[in-house]
2 protein chains.
Amino acid sequence: MIGSRVRQYRNAKGLTMSELAERAGVAKSYLSAIERDIQTNPSIQFLDKIASVLDVDINVLLKDVTSSTYEEAAALDEEWQSLIAEAMNSGVSKEEFRDFLEYNKWKIKQK
Amino acid sequence: MIGSRVRQYRNAKGLTMSELAERAGVAKSYLSAIERDIQTNPSIQFLDKIASVLDVDINVLLKDVTSSTYEEAAALDEEWQSLIAEAMNSGVSKEEFRDFLEYNKWKIKQK
DNA sequence: AAAGACCGTGCGTTATAATGAACAAAACAG
DNA sequence: CTGTTTTGTTCATTATAACGCACGGTCTTT
């Protein structure tokens, strides 16, 4: 469905609905309805606006596009994706993250 | 423009506006307005209907078919991506990850 | 040349896309 | 904990996408 894809790419970019709506110049109430599939027939101009902000091609929102690298990203659980975005934006270094991983692996092993 | 492309593919199929409109299940008056660019903001469902009759992909009507690249996959930093994959495989829960993020946000803030 | 069949366009009406508040709940700051 | 800001939602209203029908024009057919 169209809504889930919009939400997915919005989360991947680490944007809130308010932010996306404002930057794209659309009503956030309508954006909300779209993402929840309450309204499912947006116009091409509407899609153009949000697609350009999300930095994706419009047909990516229209249907699933098969592409090796893309599939990889899509395979990542939705919630994980937003977590990644949050991590990248909040200035956590890769080193810190690696340390965290090491520690956790060790921790799990203890059980 | 969108209208000229619809007209182009309709003529290529040797269809009249009346025929295309009827087969696609849309109003020919509206189709006429679209082709003449009097109305330029059709919905995706409308485009879907006529695209399937014209036997073309919907994005062919939207714009000239150029190389569609998928930068969004690259947008997620490659190295981060593998780190996340590692995290997911090593059984780290989302909750633990969230706690880690919280802690790090706080830590950064201390500077 | 009149009658019928089909073309595309003009126009009034209807359905709904899209908006702009105002709202409760969550996240945040002090 | 208390007030402030930001989140996504609901709802009433506006704008317009999309429709149905009637019309004039062109081409047959008789």
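Here is the naming used below: chain letters follow the sequence lines, and residue numbers restart at 1 for every chain.
- Panel note: side chain Glu19(B), backbone Thr16(B); a donor-acceptor pair is recorded below 3.5 Å.
- Near-neighbour residues of DNA chain C inside residues 17-30 of chain B, defined by a heavy atom below 4.0 Å, number-ordered: Met17(B), Ser18(B), Lys28(B), Ser29(B).
- Taking 4.0 Å as the cut-off between side-chain N and carboxylate O, Lys63(A) and Asp57(B) count as a salt-bridged pair.
- The main-chain N or O of Val53(A) is never found under 3.5 Å from a side-chain atom of Arg23(A) such that the two would form a donor-acceptor pair.
- Regarding contacts with the backbone of dT7(D), a side-chain N or O of Thr16(A) is found under 4.0 angstrom from either OP1 or OP2.
- The backbone N or O of Lys49(B) sits less than 3.5 Å from a side-chain atom of Ser52(B), completing a donor-acceptor pair.
- A distance-only check finds no donor-acceptor pair linking the side chain of Asn59(B) to the backbone of Asn59(A) [under 3.5 Å].
- Arg10(A) places a side-chain heavy atom less than 4.5 Å from the side chain of Glu35(A).
- Here the P atom of nucleotide dC7(C) and the CZ atom of Arg7(B) are 14 Å apart, to the nearest Å.
- Remark: the backbone N or O of Asp37(A) is not paired with any side-chain donor or acceptor of Thr40(A) at under 3.5 angstrom.
- Sorted by residue number, the members of residues 33-57 of chain B with any non-hydrogen atom under 4.0 Å from DNA chain C read Arg36(B).
- In this structure, Arg10(A) atom CZ and dT7(D) atom P are separated by 10 Å, rounded to whole Å.
- Between the CG atom of Leu31(B) and the P atom of dG10(C) there is a distance of 14 Å, given to the nearest Å.
- For Arg7(B) (side chain) and Gly3(B) (main-chain N/O), no donor-acceptor pair under 3.5 Å exists by modelled atom type.
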Strand DNA chain D in bracket notation, Watson-Crick/G-U under 3.5 Å with | for pairs to another chain: |..||||||||||||||||||||.||||||

